[in-house]
Structure formats: C-alpha cells, structure tokens
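Order of the sequence lines fixes the chain letters, A, B, ..., with proteins taken first and strands second; residue numbering starts at 1 for each chain.
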Protein chains: 2
Amino acid sequence: MLTHAAEDYLKSIYKLQEKVGKVSTGILAEYLNVKPASATGMIKKLKTMQLVKHERYQGVTLTDAGKAIALEIIRHHRLLELYLFKALGVPWDGVHEEAEKLEHVISEDVEARMDEFLGYPTADPHGAPIPDKNGVVIKRMSIPMTDLCSGQSCVVAEVSDTDSALLRHLGSFNLYPGTAFRVIEVAPFEGPFTIDIAGQQVVIGREVAKHIFVDDVKE
Amino acid sequence: MLTHAAEDYLKSIYKLQEKVGKVSTGILAEYLNVKPASATGMIKKLKTMQLVKHERYQGVTLTDAGKAIALEIIRHHRLLELYLFKALGVPWDGVHEEAEKLEHVISEDVEARMDEFLGYPTADPHGAPIPDKNGVVIKRMSIPMTDLCSGQSCVVAEVSDTDSALLRHLGSFNLYPGTAFRVIEVAPFEGPFTIDIAGQQVVIGREVAKHIFVDDVKE
DNA sequence: AAATTAATTTAGGCATACCTAAATTATATA
DNA sequence: TATATAATTTAGGTATGCCTAAATTAATTT
Ligand SMILES: [Mn+2]
Ligand SMILES: [Mn+2]
Ligand SMILES: [Mn+2]
Ligand SMILES: [Mn+2]
C-alpha cells in the first residue's frame with residue numbers, strides 16, 4: 001500500500017497533467033504547498049515504483065498504473081464529498097476538507113456501499129465527475145464563465161471546490177451545478193459580470209467567474 | 001494536533017488502565033503490537049505533553065488531559081462503528097477495522113452529525129458504551145459469561161470486537177448484545193457451555209465464552 | 001545477601017516526508 | 001556566443017515512529 005503523501009502526489013499529478021500535459025516539479029510543488037526539492041524526492045520514489053515517467057528537468061507524467069491509482073483516490077474523494085453532503089448534510093463548502101483526509105482511509109467495501117447508497121452518481125457536489133469503479137471518467141465540455149458574452153445563457157457545470165469562502169459566496173447566489181443563468185452585461189476592461197439567475201440580478205467579479213465553468217451555452 | 005500513533009497509545013492506555021490500574025510498558029507494547037522499547041519512547045513524548053504520568057519501571061497512567069483525549073478517540077471509534085453498521089450496512093465483524101482508521105480523521109462536525117443521525121446512542125454494535133460528547137461513559141455491571149452456572153439466564157451485554165472471525169461465529173448463533181439466553185449445562189473440567197437461545201440449543205466453547213459479557217443474571 | 005531472571009530503558013539505526021542551502025542544468029537575453 | 005536568470009536537483013538536516021541489541025533496574029530465588 002502507498003503512503004498518504006504518495007497518493008496525494010499521484011492525484012495532483014493527474015489533475016495538473018489534464019491541464020498542462022507534462023507536469024513540472026515547480027508547478028507540482030506549488031500545488032501541494034511543498035518545496036520543489038520535496039517534490040523531486042517523491043518523484044524519484046514514485047519512479048522506482050513505476051507509477052510515473054520522469055526525465056530530469058523535463059517534468060513528470062503518470063504511467064498507466066499511476067493513473068489508475070490517481071483515479072481511485074479521486075473517486076474516493078468525490079464519492080465522499082457527495083456522501084457527506086447528501087447523507088450527513090455537511091455543507092458544500094465543508095466537504096472538500098473532510099474528504100481530503102478520508103479519501104486515503106476508506107476501504108473498497110465502504111466505497112462500494114456509499115456508491116450504492118448514492119445511486120451510482122457521476123458528479124460530486126461541485127460538479128466534478130466521479131470516475132467509475134473501473135476508472136472511467138465522463139468528460140464534460142464545459143467552458144470558463146469568463147468566456148461568456150452578454151446575452152448568452154448557460155448552466156453551471158462545475159465550480160472549483162478548494163476555497164471554502166468562495167463556495168459560501170457562490171451558495172449565497174444559488175450558483176450550484178445545474179443552476180441556469182443569463183449574462184446581462186460584461187463590464188469593459190476586464191470588469192465584472194452582471195447575470196440573471198431565476199429573475200434575480202447578481203454581479204459576479206472576474207476573479208470569482210474564473211472559478212465557475214458552464215455548459216449548454218445559448219444566445 | 002496529536003499524531004495517529006499518539007492517539008492510539010492514549011486510547012490503549014485508557015482501556016488497559018480500566019482493567020489493571022497502572023499500565024506496564026510491556027503490557028502496553030503487547031496490546032499495540034509494538035516492542036517495549038517503542039512504547040517507552042512514546043510514553044516519554046506523551047509525558048512531556050503532560051498527557052500521562054510515569055515513573056521509570058512503575059507503569060503509566062493518564063492525566064485528566066490524556067484521559068479526555070482517549071475518550072474522544074474512543075467516542076469516535078464507537079460512533080463510527082455504529083454509523084457504518086446502521087447507515088451503510090457494514091457487517092458487525094467489519095466495522096472495527098474500518099473505524100480504527102477513521103477515528104483519527106473525522107472532524108467534530110461529522111462526529112456530531114453521525115451522533116444526531118443515530119439518535120444519540122449509548123452503545124456500539126458490540127455493546128461497548130459510547131462516551132458522550134463531554135466524555136462521560138455509562139458503566140454497565142456486566143460479568144463474563146464464564147462466571148455463569150447452569151440454570152442461570154441472562155442477556156448479552158457486550159462482546160469483544162477485535163476478532164472478526166469470532167464475531168462471525170457469534171453472529172451465526174444470534175449472540176448479539178440484547179440477546180437473552182439460559183445456561184443449560186456447564187461441562188466439568190473447564191468444559192464448554194450448553195445454552196438455550198430462543199429455543200435453540202447451542203454449545204459455546206470456553207475460549208469463546210471469555211469474550212462474551214452478560215447482564216441481568218437470574219436463576 | 002548474592003545470584004539469577006524478568007522488565008524496562010538507553011543507544012544506535014532505518015524509513016518516511018518534509019525542510020534549507022548549494023550545485024547543476026536549461027532557457028532567455030544581450 | 002556569452003552571460004544572466006530561472007527551474008530543478010543534490011546534499012545534508014529535522015521530526016516521527018518504528019526496530020534490535022545492549023545496559024540498567026527491579027523482583028525472585030537460593
Ligand atoms: Mn477505491
Ligand atoms: Mn469536489
Ligand atoms: Mn470528537
Ligand atoms: Mn466495538
């Protein structure tokens with residue numbers, strides 16, 4: 001069995017790899033709140049375990065074995081988030097922190113029982129896809145809200161889940177995955193978005209909008 | 001915050017202290033599947049944190065602060081066992097192992113939500129008392145089944161929860177906490193017990209009987 | 001009281017996972 | 001192309017928690 005730290009590295013490499021391709025030591029270290037030297041050290045260990053590919057100074061990527069473990073941990077995390085949310089009523093801005101600790105510790109049996117309880121769900125409370133038990137992830141074609149123009153309407157697909165205060169803020173506007181809204185105005189010079197949610201007019205700053213991803217964009 | 005290992009030591013010292021008073025290094029080490037030298041090392045650390053009292057060669061006991069933490073962990077463990085059993089249907093011979101890992105990781109918030117879901121329970125699936133959130137434990141006056149004589153009837157109060165195979169064995173006879181039975185015969189020379197459970201006649205070996213504690217003994 | 005036996009502690013090591021500081025390598029700029 | 005800058009790796013150190021082996025202390029036996 002892998003250590004918690006090793007699992008976190010694999011999970012982080014997976015997520016960064018999805019965006020960047022090859023993952024640099026520096027990016028990985030920053031993402032994990034760790035110094036680059038520490039990341040180098042773990043990368044070496046993971047390489048001897050054949051969980052990552054790595055050439056000095058050239059960045060890391062996961063092997064198939066490493067990817068399988070990363071997806072396993074991500075599955076635990078997202079199932080746990082949804083379970084805590086639905087079964088225990090933990091607020092959506094609290095589930096991430098909790099799942100971050102539990103993901104390394106639950107058994108496959110408990111994973112399967114939560115999955116069944118939840119009816120084999122495909123997305124967590126923040127809209128992120130839950131890999132199935134074979135590691136298959138459904139990829140949604142969502143775009144960042146910052147790409148929207150005035151007049152367009154859409155549905156919230158996913159929001160980033162790491163910042164608890166941001167999630168409370170979004171919650172106060174009902175900006176959950178599945179919520180539809182229409183862009184009324186985009187202020188010039190990288191300004192805020194004014195949107196219409198179920199008849200309510202709301203102003204969303206650019207920094208916040210960057211963390212919202214949307215679907216079903218229509219004129 | 002304490003390390004998982006430190007929490008396990010405190011929990012173990014508490015449990016052993018209930019039986020033995022002062023806890024010797026050797027007993028503690030054996031209980032934790034660790035060498036005596038390792039126990040000595042942790043005892044020293046816990047002493048500097050003022051969580052235990054210890055004089056060389058004289059055994060350990062918990063301070064009030066140490067006891068509070070021990071009870072907190074035991075509360076987590078037993079609430080988790082009952083939650084896994086009732087909410088997720090994990091079999092009673094599986095919950096201990098699972099709770100052993102989760103107890104160090106859940107938040108006070110999740111603890112409180114499980115407590116509420118379960119209706120503020122006072123015993124885990126094996127009959128062990130769950131300390132309340134202030135650390136108050138209800139002590140039951142149960143006796144080991146091995147103290148029973150033929151003709152006596154009683155109710156199962158508690159069974160030990162560490163041996164999964166034993167629990168499956170007990171389950172096959174319906175020997176759960178709350179189950180009533182009557183002793184039909186105690187074989188001589190430390191022999192087995194023949195008992196009557198709801199009309200069914202069952203033979204329980206002495207080694208098994210040692211792990212069953214009973215209540216409400218009547219002639 | 002002395003010697004044996006048992007329990008406990010000390011000493012020295014290993015693995016994990018982090019750190020800082022220095023050395024190395026790659027990339028950008030002049 | 002030479003030099004400056006940035007990224008990465010290496011080297012050496014800390015803390016935790018375990019280990020084995022040796023030394024110490026306590027308890028028992030003769
Ligand atoms: Mn799993
Ligand atoms: Mn999430
Ligand atoms: Mn607690
Ligand atoms: Mn139990």
Distance check: side-chain N/O of [X] vs OP1/OP2 of [N], anything under 4.0 Å?
X     : N      : answer
A:S38 : C:dC19 : yes
B:K45 : D:dG17 : yes
A:K44 : D:dT10 : yes
B:H54 : C:dT9  : yes
B:S24 : C:dT8  : yes

Spacing between [X] atom [atom1] and [N] atom [atom2], to the nearest angstrom:
X     : N      : atom1 : atom2 : answer
B:Q58 : D:dA26 : CD    : P     : 7 Å
A:H4  : D:dG17 : NE2   : P     : 14 Å
B:Y31 : C:dA7  : OH    : P     : 20 Å
A:Y9  : C:dA17 : OH    : P     : 9 Å
B:L2  : D:dT16 : CG    : C1'   : 13 Å
A:L46 : C:dT16 : CG    : C1'   : 13 Å
B:E30 : C:dA7  : CD    : P     : 10 Å
A:I43 : D:dT9  : CD1   : C1'   : 10 Å

Nearest listed nucleotide, side chain of [X], among [options]:
X     : options               : result
A:A37 : D:dT8, C:dT9, D:dA11  : D:dA11
B:V34 : D:dC19, D:dA11, C:dT8 : D:dC19
B:R56 : D:dT9, D:dG17, C:dT9  : C:dT9

Would you please say whether a donor-acceptor pair under 3.5 Å links the side chains of [X] and [Y]?
X      : Y      : value
A:H96  : A:E100 : yes
B:R168 : B:S172 : no
A:H126 : A:E158 : no

- Message: At less than 3.5 Å, do the side-chain atoms of B:Y57 and the base atoms of D:dT24 form a donor-acceptor pair?
- Response: yes

- Message: On DNA chain C, compare the nucleotides closest to A:K35 and B:G26; which residue's is nearer the 5' end?
- Response: B:G26

- Item | Single hit among B:K11, B:E108, B:E81 for side chain to side chain donor-acceptor pair (under 3.5 Å) with B:H76 | B:E108

- Item | Aromatic plane relationship, B:H104 with B:H4 - under 30° parallel, 30 to 60° tilted, over 60° perpendicular | parallel

- Query: At under 4.0 Å between heavy atoms, what does A:T40 touch on the DNA or RNA strands: base, sugar-phosphate, or nothing?
  - Reply: base

